[in-house]
Amino acid sequence: MKIATFNINGIKARLPALLAWLDEAQPDVALLQEIKSVDDAFPRQDFEERGYNVETHGQKSFNGVAILSKLPLEDVTRGLPGDESDEQARWIEATVMGERDAIRICGLYLPNGNPAPGPKYDYKLAWMERLQTRAQQLLEGEMPALMAGDYNIIPQAEDAARPQDWTEDALYRPESRAAFRRILNLGFTEAFRARTQGPEHYSFWDYQAGAWQKNNGIRIDHFLLTPQAADKMVDCKIDAHVRGREKPSDHVPVWIELDI
DNA sequence: ATGACTAGTACGACTAGA
């Protein structure tokens with residue numbers, strides 16, 4: 001089962017590029033972030049024609065997440081538990097029914113948090129506390145499960161081409177990285193780093209100042225796997241070449257292959 | 001050192017992103 005995550009930065013603007021990538025990469029499941037669309041405006045037909053089931057959790061103008069799946073989806077839920085007053089669409093989960101096994105899949109768009117310090121940073125850290133609670137529950141289920149998406153976290157210095165540019169940024173500040181590590185240390189496997197070490201592996205390049213051409217990137221899109229999911233991982237890659245195409249997102253797809 | 005780009009909303013500049 002091939003599962004991908006892709007912050008598309010607007011479904012309306014990204015539809016041709018997204019469809020081209022889906023047709024070539026052929027993921028069984030794609031977790032999308034920043035659809036920037038309400039549910040009713042999401043172009044579900046384009047995906048249904050390709051054999052995907054479509055579940056969205058949209059919002060006007062900002063945020064919004066979705067799951068595309070060629071396999072049946074069950075028990076879809078929307079919104080990260082823990083704060084009924086949170087109206088930002090950043091979390092969706094579903095159970096994907098594989099040939100032999102089922103897996104619980106959570107798609108997330110973690111708050112950016114800038115400027116830090118400030119209320120947006122407080123929201124990011126509070127959101128990560130709620131994420132930790134949900135993460136603990138997934139582990140306690142002792143089933144294959146994963147949480148994937150745009151974490152807006154640069155885990156280590158090697159995950160930025162120019163870490164010195166990020167020291168005061170909400171994506172790299174010590175509190176942000178510590179909150180990410182607390183979740184990892186519950187017992188999750190960060191899929192990409194379980195398979196690939198070293199610098200110059202990025203999932204985001206700013207639109208400005210020729211960041212892509214200079215390979216001035218950061219790695220902020222991640223897969224966190226429960227032990228039962230990590231046991232089944234056979235590959236994890238970043239489709240960086242997509243960033244060089246016409247009208248690209250500023251993020252690129254990251255995907256894993258699981259033997260389930 | 002600074003500024004730079006894109007998307008959405010809505011049609012004129014804003015907010016937001018990272």
Side-chain angles (χ1 to χ4, degrees), chain A residues 5-21 31-43 56-66 86-91 107-125 127-128 131 148-177 179-180 192 200-222 238 240 242-254:
Chain A
T5 177
F6 191 2
N7 179 325
I8 56 173
N9 188 17
I11 185 59
K12 192 174 168 188
R14 209 65 57 223
L15 190 59
L18 174 59
L19 293 175
W21 170 75
L31 305 171
L32 306 180
Q33 300 90 43
E34 282 205 271
I35 65 173
K36 296 187 176 180
S37 160
V38 294
D39 295 332
D40 286 346
F42 193 84
T56 60
H57 180 36
Q59 175 183 343
K60 185 179 167 70
S61 305
F62 304 114
N63 309 317
V65 289
D86 185 359
E87 294 183 349
Q88 299 191 30
R90 297 179 174 276
W91 181 269
L108 67 98
Y109 176 44
L110 204 148
N112 172 305
N114 282 303
K120 291 190 175 182
Y121 194 52
D122 295 340
Y123 174 66
K124 176 177 194 149
L125 296 178
W127 202 95
M128 293 186 80
L131 176 60
D150 177 0
Y151 277 76
N152 270 318
I153 294 284
I154 302 167
Q156 305 277 3
E158 66 183 0
D159 297 311
R162 297 176 52 85
Q164 66 274 22
D165 289 356
W166 296 93
T167 53
E168 300 303 315
D169 196 282
L171 280 64
Y172 191 62
R173 284 173 65 100
E175 304 92 328
S176 306
R177 297 162 60 201
F180 183 73
F192 186 78
E200 296 182 22
H201 299 285
Y202 310 126
S203 65
F204 170 92
W205 294 260
D206 201 287
Y207 287 122
Q208 302 184 63
W212 166 248
Q213 289 75 11
K214 297 174 188 166
N215 198 24
N216 179 14
I218 51 178
R219 193 176 68 88
I220 58 175
D221 299 270
H222 310 301
I238 301 175
V242 172
R243 185 64 178 79
R245 294 185 173 171
E246 283 293 301
K247 223 169 147 52
S249 173
D250 40 9
H251 295 250
V252 296
V254 182

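It should be emphasised that the depicted structure is a prediction, and the values quoted were computed from it without experimental measurement.
- The nearest whole Å value for the distance from the CD atom in A:Glu34 to the P atom in B:dT15 is 18 Å.
- In this structure, A:His251 reaches the B:dA18 phosphate: one of its side-chain N or O atoms is under 4.0 Å from OP1 or OP2.
- Atom CG in A:Asn114 sits roughly 14 Å away from atom C1' in B:dT15 (whole-Å rounding).
- Rounding to whole angstrom units, CG of residue A:Asp250 and P of B:dG17 are separated by 12 Å.
- The cationic group of A:Arg173 lies under 6.0 Å from the six-membered ring centre of A:Tyr121 and within 45° of the ring axis, placing it in a cation-pi geometry.
- Straight-line distance between the C1' atoms of B:dA16 and B:dA1: roughly 25 Å, to the nearest whole Å.
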task = Please assess A:Leu171 against A:Asn114 for the test side chain to side chain contact (heavy atoms under 4.5 Å, CB included), listing each intermediate value before the final yes or no.
result = CA-CA 8 Å; A:Leu171 280 64; A:Asn114 282 303; 3.7 Å; yes
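- Within the nucleic acid shown, A:Lys124 has no heavy atom closer than 4.0 Å to any nucleic acid atom.
- Rounded to whole Å, the P atom of B:dT6 lies 23 Å from the corresponding atom of B:dC11.
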ask   = side chain to side chain contact (heavy atoms under 4.5 Å, CB included) between A:Phe180 and A:Met128: does it pass, once the steps are laid out?
value = CA-CA 8 Å; A:Phe180 183 73; A:Met128 293 186 80; 4.1 Å; yes
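- Judged by distance alone, the side chains of A:Tyr172 and A:Asp159 never bring a donor and an acceptor atom under 3.5 Å apart.
- Residue A:Asn7 places at least one side-chain N or O under 4.0 Å from the OP1 or OP2 atom of B:dA18.
- For the C1' atom pair drawn from B:dA10 and B:dT15, the interatomic distance equals 13 Å after rounding to whole Å.
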key: Under 4.0 Å protein heavy-atom contact, by nucleotide of nucleotides 3-14 of chain B - B base, S sugar-phosphate only   = -BBSSSS-----
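- At whole-Å resolution of the value, CZ in A:Arg162 and P in B:dT2 are 14 Å apart.
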task = Please report the C-alpha distance between A:His251 and A:Thr5 in whole Å, then the side-chain angles of each, then the deciding distance to 0.1 Å, and finally whether the side chain to side chain contact (heavy atoms under 4.5 Å, CB included) criterion is met.
result = CA-CA 10 Å; A:His251 295 250; A:Thr5 177; over 6 Å; no
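- Taking atom OH of residue A:Tyr151 and atom C1' of nucleotide B:dA18, one finds them 18 Å apart after rounding to whole Å.
- When heavy atoms are screened at a 4.0 angstrom cut-off, A:Tyr109 is found touching the sugar-phosphate backbone but no base atom.
- Only the C1' atoms considered, B:dT2 is 23 Å distant from B:dC14, to the nearest whole Å.
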request  = Dump the intermediate steps for side chain to side chain contact (heavy atoms under 4.5 Å, CB included) on A:Asp150 and A:Tyr109, then the final yes or no.
outcome  = CA-CA 5 Å; A:Asp150 177 0; A:Tyr109 176 44; 3.3 Å; yes
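- Two residues are said to be in side-chain contact when any heavy atoms from C-beta on lie closer than 4.5 Å; A:Asn7 and A:Asp221 meet this criterion.
- B:dG17 atom P lies 10 Å from atom CD of A:Gln59, rounded to whole Å.
- Residue A:Asn152 is classed as a sugar-phosphate contact, given heavy-atom separations below 4.0 Å to backbone atoms only.
- Counting any heavy atom pair closer than 4.0 Å across all strands shown, A:Asn63 reaches no nucleic acid atom.
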